[in-house]
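Before I ask anything, let me first share the structure, which is written out below as structure tokens.
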Amino acid sequence: MPPWTPQDMPSQSGKTIFITGANSGLGYWSSLHLARAGAHVIMACRSAEKMEQARQKILQEVPRIQPSQLEGVLLDLSDLESITTVAKRYVAEQRPIHTLLNNAGVMALPYQTTAQGFERQFGTNHLGHFALTAQLFPLLKISPSARVVTISSLYHRRGHIDFDNLQGQKHYQKWQAYAQSKLANLLFTLELQRRLDQHRLPILSLGAHPGYAATNLQAAGAKAENGWLKQKVVELANRFVAQPAEQGAYPQLFAATEPGLSGGLFFGPDGFQALRGHPTRETPAESAQDLKVAQRLWETSEKLTGCTFLSTTEEPVTPP
């Protein structure tokens, strides 16, 4: 069987797909290919300018896409108030969301905090997507065969959920914090599927990672530290080692569109050390399959975000 590419995607006509971090990297290429396949794509971005630039670029690269297929919305995953504002708008409109692609993320930043005071990598990569999924959940429930695809990383294998230091206040190491956030993404993916199964809901929760893909994530941390030499090293590695960002998006596109998948699966590249290649099924690290840690993380995330869903009640409780 030939390797999977976006040309193998079935038509996405009639589907609405919400993508976080849609203006660059994996999110940009996911937006382009899903719109090309006929989907209505909601491009959720932190910057209005970058969002519109990405939108116009997609329209130029694929002229047959109708402008109405690409809908932009301002969303800052590091601010729970921004998430609530966006979610309330879409829930009020009662438009079904067929796929939620939890794609956005930050990587290896010097210590920073979110609007609510959470360590920024954990707060953005995990808590932001947890809150967004919870508050958009009513729109997933009314969508036939809905999916939630959450992007993790190979770094999840190096992660450990330190419940005594989730916010990095006792000690902080940027790569350790990144690994923790990516492990949290995968723990959330698998726990979400278990809870969906318990409630007998036909929604799929799936995970994916891009291997080593050349995106702006790698350089962002170096820029935040004003690390000129680090930036140059990252640029060289992205040019000569990493696979293109477009191919890095293949696993999440596969998870979002491939018919007949079961919930709780995890996909990444099929090449050496899962660094590059075409989509294939992967086995998460044992740490990502720890039921007790997953349940505790879910309960902790509910307390921190104020968003409760698929626990004592089926409906999400949106913060006031």
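Each residue takes its place number in the sequence, starting with 1.
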Side-chain H-bond candidate by donor/acceptor type, Thr133 with Asn102, under 3.5 Å: yes
Any side-chain to backbone donor/acceptor pair from His98 onto Ile17? Under 3.5 Å, distance only. no
Find the distance between CG (Leu154) and OH (Tyr212) and round it off to the nearest 0.5 Å. 12.0 Å
Cluster question for you: counting only ILVMFWY and a side-chain heavy-atom cut-off of under 4.5 Å, with indirect links fine, are Ile151 and Ile83 together? no
Side chains of Asp290 and Ile161 in contact at under 4.5 Å (non-hydrogen atoms): no
When you look at CZ of Phe272, are more than 12 heavy atoms from neighbouring residues, nucleotides or ligands closer to it than 6.0 Å? no
Does some side-chain heavy atom of Thr150 sit less than 4.5 Å from a side-chain heavy atom of Leu186? no
Cut-off 3.5 Å, side chains only: do Gln53 and Tyr28 have a donor facing an acceptor? no
Nearest-0.5 Å distance, CG of residue Leu187 to CG of residue Leu192: 12.5 Å
Would you mind checking if Glu299 and Arg296 are paired as a salt bridge, meaning a charged N to carboxylate O distance below 4.0 Å? no
State, with a plain yes or no, whether a side-chain heavy atom of Phe18 is found less than 4.5 Å away from one of Val86. yes
State whether a side-chain donor-acceptor pair under 3.5 Å links His171 with Gln176. no
Between Leu297 and Glu191, does the side-chain contact (heavy atoms from CB on, under 4.5 Å) criterion hold? Intermediate values first, please. CA-CA 9 Å; Leu297 177 64; Glu191 180 64 14; over 6 Å; no
Can you see whether Ser82 engages Asp76 through a side-chain donor-acceptor pair at a distance of less than 3.5 angstrom? no
Within 6.0 Å of CZ in Arg158, more than 12 heavy atoms from elsewhere: no
Any side-chain heavy atom of His209 sitting closer than 4.5 Å to one from Lys182? no
Which of parallel (below 30°), tilted (30 to 60°) and perpendicular (above 60°) describes Phe130 and His126? tilted
From CA spacing to verdict: side-chain contact (heavy atoms from CB on, under 4.5 Å), Leu74, Arg46: CA-CA 5 Å; Leu74 285 177; Arg46 193 173 56 179; over 6 Å; no
Any heavy-atom pair between the side chains of Leu77 and Thr114 that's under 4.5 Å? no
pair Thr124-Phe118: side-chain heavy atoms closer than 4.5 Å: no
Could you tell me whether a side-chain N or O of Asp79 sits under 3.5 Å from a main-chain N or O of Ala115, the two making a donor and an acceptor? no
To the nearest 0.5 Å, atom NE2 of His160 lies from atom CD of Gln180 at 7.5 Å
On a heavy-atom basis, the closest approach of Leu59 and Pro67 is CD2-CA, 3.8 Å
Regarding Thr5 and Gln7, is there a side-chain donor-to-acceptor distance under 3.5 Å anywhere? yes
Considering non-hydrogen atoms only, spot the tightest contact between Pro138 and Ala134 and give its length. CD-O, 4.0 Å
Supply the atom-to-atom distance Ile65 CD1 to Leu34 CG, rounded to the nearest 0.5 angstrom. 10.0 Å
Quick check: is Leu139 connected to Val41 through a chain of hydrophobic side chains (ILVMFWY, heavy atoms under 4.5 Å apart)? no
Step by step, would you call Gln247 with Arg276 a side-chain contact (heavy atoms from CB on, under 4.5 Å)? CA-CA 8 Å; Gln247 191 161 355; Arg276 56 193 303 143; 5.8 Å; no
Greater than 12 external heavy atoms within 6.0 Å of Glu286's CD: no
Within this structure, what is the CG-OH distance for the pair Asp270 and Tyr250, rounded to the nearest 0.5 Å? 12.0 Å
Scan side-chain atoms only and decide if Gln56 and Glu52 contain a donor-acceptor pair under the 3.5 Å cut-off. yes
Would you say that Tyr178 contacts Asn125 through its side chain, given a criterion of any heavy-atom pair below 4.5 Å between the two side chains? yes
Do you know which two heavy atoms are closest between Arg120 and Gln112, and how far apart they sit? NH1-OE1, 2.7 Å
Would you mind reporting whether Cys307 and Gln135 have side-chain heavy atoms less than 4.5 Å apart? yes
What are the two closest non-hydrogen atoms of Leu261 and Leu204, and how far apart are they? O-CD1, 3.4 Å
Side chains of Ser152 and Asn185: any donor to acceptor distance under 3.5 Å? no
Donor-acceptor under 3.5 Å (Gln193 side chain, Ser205 main chain): yes
Quick one: closest heavy-atom pair of Ser30 and Gln252, and the distance? OG-NE2, 2.9 Å
In short, Glu119 meets Gly168 closest at the heavy-atom pair CB-N, 4.4 Å
Mind checking whether Met9 and Leu100 sit in one hydrophobic cluster, side chains of I, L, V, M, F, W, Y counted as touching below 4.5 Å? no
Hey, what do you get for CZ (Phe254) to CZ (Phe267), rounding to the nearest 0.5 Å? 5.0 Å
Heavy-atom count around Arg95 CZ within 6.0 Å, excluding the residue itself: above 12? yes
Within one Ile-Leu-Val-Met-Phe-Trp-Tyr cluster: Phe309 and Leu190, side-chain cutoff 4.5 Å: no
Can you confirm whether Arg195 is buried at CZ, in the sense that more than 12 heavy atoms of other residues, nucleotides or ligands lie under 6.0 Å from that atom? yes
Crowded around Glu49 CD? As in, over 12 foreign heavy atoms under 6.0 Å? no
Check: Lys174 main-chain N/O paired with Gln121 side-chain donor or acceptor under 3.5 Å: yes
Under the criterion side-chain contact (heavy atoms from CB on, under 4.5 Å), I'd like the reasoning laid out for Thr99 against Gln12: C-alpha separation, chi angles, the key distance, then a yes or no. CA-CA 10 Å; Thr99 301; Gln12 300 299 297; 5.5 Å; no
Using the ring of each side chain (for Trp, its six-membered ring), is Tyr155 parallel, tilted or perpendicular to Trp175, with breaks at 30° and 60°? parallel
Under a 4.0 Å N-O cut-off, is there an ion pair linking Glu258 with Arg281? no
With distance as the sole test, does Asn103 use its side chain to make a donor-acceptor pair with the main-chain N or O of Gly21 at under 3.5 Å? yes
Hydrogens and angles aside, do Thr20 and His129 bring a side-chain donor and acceptor to less than 3.5 Å of each other? yes
Short side-chain to backbone donor-acceptor contact, Ser143 and Ala146, under 3.5 Å: no
Hphob cluster co-occupancy, Ile19 + Val73, side-chain heavy atoms under 4.5 angstrom: no
